[in-house]
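In what follows, a single structure is set out as structure tokens and then discussed.
For clarity, every value in this text was computed on a predicted model and none was experimentally measured. The chains referred to below are lettered A, B, ... by the order of the sequence lines, with proteins before strands, and numbering in each begins at 1.
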Amino acid sequence: MNDPLKSVEGSIASAIQSAVQAEFGISIELPVLQFTRREFSGTYTWVSFGLAKTVGIPPDDVGQIIGKQLIDSCQFVKNFNIVKGFLNVELADEAWVNLWNALQVDSYGVSPVREDEPASMVEYSSPNTNKPLHLGHVRNNLLGHSVSELIRATGKKVIKVQIINDRGIHICKSMLAWKKFGAGETPESSGKKGDHLVGKYYVAFDRAYREEMAALVATGRTEEQAKAEAPLMREAQEMLRLWEEGDTAVMNLWRTMNQWVYAGFEATYRRLGVSFDKNYYESETYVLGKQDVERGLELGVFYRKDDGSVWIDLRPDGLDEKVVLRSDGTSVYMTQDLGTAVQRFLDFNIDGLTYVVGNEQDYHFKVLFLILKKLGYSWAHQLVHLSYGMVDLPNGRMKSREGSVVDADDLLSEMETTAAQLSEELGKLEGMPEADKAALYRTLGHGALKYFILKVDPTKRMVFNPEESVDFNGNTGPFLQYTHARIASLLRKAGERQPVAAAGYAWDPRETEVVFQLAQFPRTVQQAADARNPAAVANYVYELVKSFNGLYQNLSILNADQPEQVALRLALAERVGYVVRTGLGFLGITAPDRM
RNA sequence: GGCCCUGUAGCUCAACUGAAUAGAGCACUUGACUACGGAUCAAGAGGUUUUAGGUUUGAAUCCUAACAGGGUCACCA
């Protein structure tokens with residue numbers, strides 16, 4: 001990574017280190033500098049309390065002594081001030097020229113992908129095939145996609161995968177209901193999107209099943225008995241048994257209905273702008289892992305109980321006993337996940353695997369990673385669970401049974417409609433072809449949604465209010481997009497640009513503030529990728545845009561007094577536009593040139 | 001009940017992982033268009049960071065406890 005701040009920071013830090021040595025005869029570690037708070041003048045701040053304590057001199061005095069030394073010994077330091085023990089360092093013009101030059105790189109902040117090195121795998125989305133995607137999947141997909149983009153930007157090759165939960169009782173429910181009540185309805189015959197069609201029958205099953213249970217309870221049976229005896233549930237279980245036997249009719253129906261769902265998912269993924277390099281299917285992976293269980297038995301990591309089931313005892317690690325193979329020899333969830341993890345490291349040359357999975361599965365992944373370590377896989381410590389929080393509605397959690405679910409397709413459509421209405425009202429798009437307008441409304445509507453979701457720390461749960469919907473003013477996607485469009489307009493108007501002479505330039509504080517913001521881009525990307533935290537980029541771009549808008553509103557660019565000011569400010573605007581576009585790109589958001 | 005996570009302005013979120021007077025947006029009040037695009041900018045009001053202790057020169061941040069909310073404790077996935 002090319003971090004422009006590193007040389008300036010490093011130079012100041014080591015100058016402080018030397019000054020401490022020279023003045024007090026003490027060797028300290030290279031000090032960590034922090035950014036000076038906005039209300040004080042200066043760019044970097046060094047806290048002198050620690051040293052003051054060891055040498056027994058008041059912090060302000062220590063600051064004075066070190067600050068004076070810095071002016072002489074460090075070319076990047078122009079001046080300093082001290083407020084209550086905080087030494088605030090003001091940067092010299094040389095530092096600004098240095099930073100300015102570092103920004104003038106074509107793919108600033110983005111490292112070229114090293115194709116020959118091992119890749120990093122990201123698993124996300126991972127839907128069930130019995131119902132369409134909802135708001136929770138949207139957060140998952142946006143996070144997975146964005147994290148992949150960020151990792152790639154650091155120069156790492158990325159392989160994006162999803163595992164599709166295409167087998168089990170849930171899909172049998174949809175299949176059964178379709179057979180009973182469907183009258184041959186298909187996506188073609190009904191014009192319904194395949195995933196919504198299958199979801200409709202999943203709901204139909206649930207409704208009919210409840211009616212059966214209610215009838216059974218009315219005849220005096222307990223809730224438990226009714227659940228077990230309901231004919232529909234028995235039929236569904238029978239269907240699952242036939243599926244596992246490979247019954248031709250059941251398999252054919254299963255394939256057909258899953259294909260409908262995949263087509264539906266594919267359409268939603270395309271709208272969201274996400275994609276995968278490989279799909280894993282549970283119908284294929286659910287047998288994986290049995291060999292690993294055998295291996296674990298040989299290693300003595302697992303043990304077999306009398307009924308034949310296989311377990312691991314994690315109580316010494318503060319966890320519980322966990323089953324890894326059923327008594328009838330079939331897999332549980334853990335078995336598959338063990339096998340699938342192993343398989344992935346065989347399938348690809350990867351040195352890392354990130355699971356984007358909700359925090360309700362924290363315990364599962366803790367156990368999974370621990371077992372893989374105990375099985376002796378060297379890569380086990382390179383597994384990451386990006387545990388994201390649930391998306392709540394204002395009155396609590398989404399509950400599909402109560403119908404309080406925000407559907408992904410509906411949500412995207414609503415966002416597009418809102419963007420269209422707003423754009424029409426503002427009426428800035430005269431002369432734009434209808435097709436371009438429609439594309440722009442998608443860009444803006446989706447931008448609002450994506451930014452709204454990604455600006456929140458992934459690990460935290462968040463609240464989504466469908467009524468108030470997503471705002472288009474303030475700290476929002478369209479606000480950032482607007483700034484980009486305005487910069488694009490500015491550059492169009494400017495035409496041919498003059499070369500910039502940064503050396504000897506008389507910097508305005510508004511300009512250096514933007515330069516300093518821009519200089520933080522590569523570091524922000526690296527940190528966001530390491531922490532798998534797109535919100536860091538979202539918040540960074542917002543801060544940058546606010547700084548630039550302050551400049552834009554208060555300083556004239558095209559009509560600046562001096563020609564060198566015009567040239568520099570235009571170049572600065574261009575760099576801001578580039579970073580906004582690139583940063584939003586990491587979030588899956590497009591920055592338009594006009595809106 | 002055991003374990004895990006989270007409590008910050010009326011609402012939605014920040015806070016460089018221990019620093020200065022806890023910051024933004026929405027909503028509310030007010031000001032700025034003979035314009036480089038007002039989806040903007042400038043200002044005001046709004047907080048005992050759930051509570052009580054502790055560690056530290058310094059705590060929203062670390063420790064302990066209480067309270068509140070959520071998750072999880074299946075031979076479901």
Side-chain angles (χ1 to χ4, degrees), chain A residues 32 34-40 45 47 49-50 52-53 59 83-86 88 126 128 165 167-170 282 286 305 307-311 318-320 323-337 358-364 366 387 389-390 392 394 396-397 419 422-423 425-426 428 444 448 452 455-457 459-465 468 470-476 478-483 485-494 520 523-524 527 531 535-536 539-540 542-543 546 549-550 552-560 566 569-570 573 594-595:
Chain A
V32 178
Q34 43 190 282
F35 298 156
T36 304
R37 295 178 60 126
R38 210 166 289 258
E39 61 262 37
F40 304 104
T45 294
V47 184
F49 290 110
K53 204 184 172 193
V83 184
K84 289 194 271 184
F86 294 85
N88 300 322
S126 307
N128 292 346
N165 183 8
R167 64 170 285 277
I169 193 73
H170 59 89
E282 282 202 7
Y286 83 110
K305 286 191 179 174
D307 63 3
S309 59
V310 179
W311 295 73
L319 305 173
D320 298 312
V323 68
V324 293
L325 199 67
R326 289 196 191 102
S327 51
D328 62 5
T330 58
S331 311
V332 293
Y333 182 35
M334 189 61 74
T335 327
Q336 298 181 38
D337 267 10
N359 62 10
E360 57 202 345
Q361 294 195 37
D362 282 355
Y363 186 75
H364 172 76
K366 212 173 182 178
S387 161
M390 297 291 105
D392 284 327
R397 191 174 176 172
L422 194 52
S423 292
E425 281 170 26
L426 290 170
K428 295 179 181 176
L444 296 176
F452 182 85
K455 76 173 174 184
V456 181
D457 181 342
T459 63
K460 293 194 177 166
R461 57 189 308 145
M462 63 180 291
V463 178
F464 183 88
N465 189 337
E468 292 177 13
V470 180
D471 226 315
F472 286 70
N473 298 313
N475 184 1
T476 66
F479 168 60
L480 304 181
Q481 290 171 316
Y482 174 75
T483 300
R486 205 164 55 175
I487 288 172
S489 163
L490 184 69
L491 294 174
R492 278 194 299 268
K493 199 153 286 185
Q520 290 167 41
R523 176 180 295 187
T524 304
Q527 284 169 350
N539 292 324
Y540 163 78
Y542 177 63
E543 291 299 325
K546 278 215 305 182
N549 282 347
Y552 179 89
Q553 206 82 205
N554 290 285
L555 299 179
S556 201
I557 294 177
L558 290 178
N559 302 316
V566 176
R569 286 171 192 175
L570 278 172
R594 192 185 162 189
M595 64 186 272

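- Among the atoms of the strands shown, none is found under 4.0 Å from any heavy atom of A/Met390.
- Between the side chains of A/Tyr333 and A/Gln361, at least one donor N or O sits under 3.5 Å from an acceptor N or O.
- When the P atom is used for both B/rA66 and B/rG23, the distance is 33 Å, rounded to whole Å.
- No engagement by A/Ala536 is indicated, since no non-hydrogen atom pair under 4.0 Å with the nucleic acid exists.
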Candidate pair A/Val47 and A/Phe86, rule side chain to side chain contact (heavy atoms under 4.5 Å, CB included), full reasoning: CA-CA 5 Å; A/Val47 184; A/Phe86 294 85; 3.8 Å; yes
Pairing pattern in dot-bracket form [Watson-Crick, G-U; both distances under 3.5 Å; | = partner strand] for RNA chain B: (((((((..((((.....[...)))).(((((.......))))).....(((((..]....))))))))))))....
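- Here B/rC5 presents its C1' atom at 13 Å from CG of A/Asp392, a figure rounded to the nearest Å.
- Within 6.0 Å of atom CZ in A/Arg492, more than 12 heavy atoms from other residues, nucleotides or ligands are found, so the atom counts as buried in its surroundings.
- A close approach under 4.0 Å does occur between a side-chain nitrogen or oxygen of A/Ser489 and OP1 or OP2 of B/rG37.
- Closest approach to the A/Asn165 side chain among B/rA39, B/rA77, B/rC75 is made by B/rA77 (side chain taken as heavy atoms from C-beta onward).
- Taken from CG in A/Asn88 to CZ in A/Arg37, the straight-line distance is 11.0 Å, to the nearest 0.5 Å.
- Phosphate contact (OP1/OP2 of B/rG38, side-chain N/O of A/Arg486, threshold under 4.0 Å): present.
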Worked check of side-chain hydrogen bond (donor to acceptor under 3.5 Å, both in side chains) between A/Arg461 and A/Asn359: CA-CA 9 Å; A/Arg461 57 189 308 145; A/Asn359 62 10; over 6 Å; no
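- Rounding to whole angstrom units, CG of residue A/Leu319 and C1' of B/rG2 are separated by 12 Å.
- Taking 4.5 Å as the limit, every side-chain heavy atom of A/Tyr552 sits out of range of all side-chain heavy atoms of A/Ile487.
- Side-chain contact between A/Phe452 and A/Met462: present, with at least one pair of heavy atoms (C-beta onward) separated by less than 4.5 Å.
- As judged by a 4.0 angstrom heavy-atom cut-off over every strand, A/Leu325 is placed among residues making no nucleic acid contact.
- Formation of a donor-acceptor pair under 3.5 Å by the A/Arg594 side chain with backbone atoms of A/Lys428 is found in this model.
- Side-chain contact between A/Val332 and A/Arg326 is present, with heavy atoms from C-beta onward closer than 4.5 Å.
- Under 4.0 angstrom from either OP1 or OP2 of B/rC41 there lies at least one side-chain N or O belonging to A/Asn549.
- Regarding A/Lys53, its NZ atom lies at a distance of 9 Å from the P atom of B/rG58, rounded to whole Å.
- At least one side-chain heavy atom of A/Tyr286 sits less than 4.5 Å from a side-chain heavy atom of A/Arg167.
- Taking side-chain N and O atoms only, A/Asn559 has a distance below 4.0 Å to OP1 or OP2 of B/rC36.
- Rounded to the nearest 0.5 angstrom, A/Ser489 OG and A/Met595 CE are separated by 12.5 Å.
- Spacing between B/rA42 and B/rG47 at atom C1', rounded to whole Å, works out to 23 Å.
- The P atoms of B/rG44 and B/rC3 are separated by 48 Å, rounded to the nearest whole Å.
- For B/rU49, the O4'-C1' to base torsion is more than 90° from 0; the nucleotide is therefore anti.
- Remark: A/Arg569 is not in phosphate contact with B/rC36, judged by side-chain N or O atoms under 4.0 Å from OP1 or OP2.
- A/Leu555 comes within contact range of at least one nucleobase, with a heavy-atom separation under 4.0 Å.
- You'll find the side chain of A/Val323 stays beyond 4.5 Å of the side chain of A/Thr335, heavy atoms only.
- Comparing B/rC4, B/rA77, B/rU56 against the side chain of A/Glu282 picks out B/rA77 as the nearest.
- Listed nucleotides B/rC13, B/rC41, B/rC36 differ in distance to A/Val463; the shortest reach to its side chain belongs to B/rC13.
- Distance alone, capped at 3.5 Å, is enough to place a donor-acceptor pair between the A/Lys455 side chain and the A/Asn475 backbone.
- Toward the 5′ end of RNA chain B lies the nearest nucleotide of A/Ser556, the other residue of the pair A/Ser556 and A/Leu422 mapping further downstream.
- Separating the CD atom of A/Gln336 from the C1' atom of B/rC75 is a distance of 13 Å, rounded to the nearest angstrom.
- Residue A/Thr483 places no side-chain atom within donor-acceptor reach of the base of B/rA39, judged by atom type and a 3.5 Å distance cut-off alone.
- Rounded to whole Å, the separation between the C1' atoms of B/rC33 and B/rU40 comes to 11 Å.
- Comparing B/rG37 with B/rC41, their P atoms are spaced 16 Å from each other, to the whole Å.
- The listed nucleotides are B/rU40, B/rU72, B/rA77; the one nearest the side chain of A/Tyr363 is B/rU72.
- As a whole-Å value, the separation of A/Ile169 CD1 from B/rA77 P is 11 Å.
- Counting to the nearest Å, the C1' atom of B/rG38 and the CE atom of A/Met595 are 12 Å from each other.
- Straight-line distance between the C1' atoms of B/rC28 and B/rG70: roughly 32 Å, to the nearest whole Å.
- Rounded to an integer number of Å, the gap from A/Arg397 CZ to B/rG70 P is 11 Å.
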Nucleic acid footprint by protein, nucleotides 19-29 of chain B - heavy-atom cut-off 4.0 Å, B for base, S for sugar-phosphate alone: BBS-SSSS---
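- For the residue pair A/Asp471 / A/Thr476, no side-chain donor-acceptor distance below 3.5 Å is found, with atom types taken as modelled.
- The residue among A/Gln527 and A/Tyr552 whose nearest nucleotide of RNA chain B lies closer to the 5′ end is A/Gln527.
- Panel note: side chain A/Thr524, backbone A/Gln520; a donor-acceptor pair is recorded below 3.5 Å.
- Separating the C1' atom of B/rA9 from that of B/rC13 is a span of 11 Å, rounded to the nearest Å.
- When the C1' atom is used for both B/rA39 and B/rA45, the distance is 25 Å, rounded to whole Å.
- Of the candidate nucleotides B/rC41, B/rA77, B/rU72, B/rA77 has the atom nearest to the side chain of A/Gln361.
- For B/rA77, neither phosphate oxygen OP1 nor OP2 lies less than 4.0 angstrom from any side-chain nitrogen or oxygen of A/Tyr333.
- Per the geometry, CG belonging to A/Asp307 stands 8 Å off C1' belonging to B/rC75, to the nearest Å.
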Atom pairs, N/O to N/O, protein against nucleotides 6-9 of chain B, distance under 3.5 Å?
residue: B/rG7; atom: OP1; partner: A/Lys460; partner atom: NZ; Å: 3.4

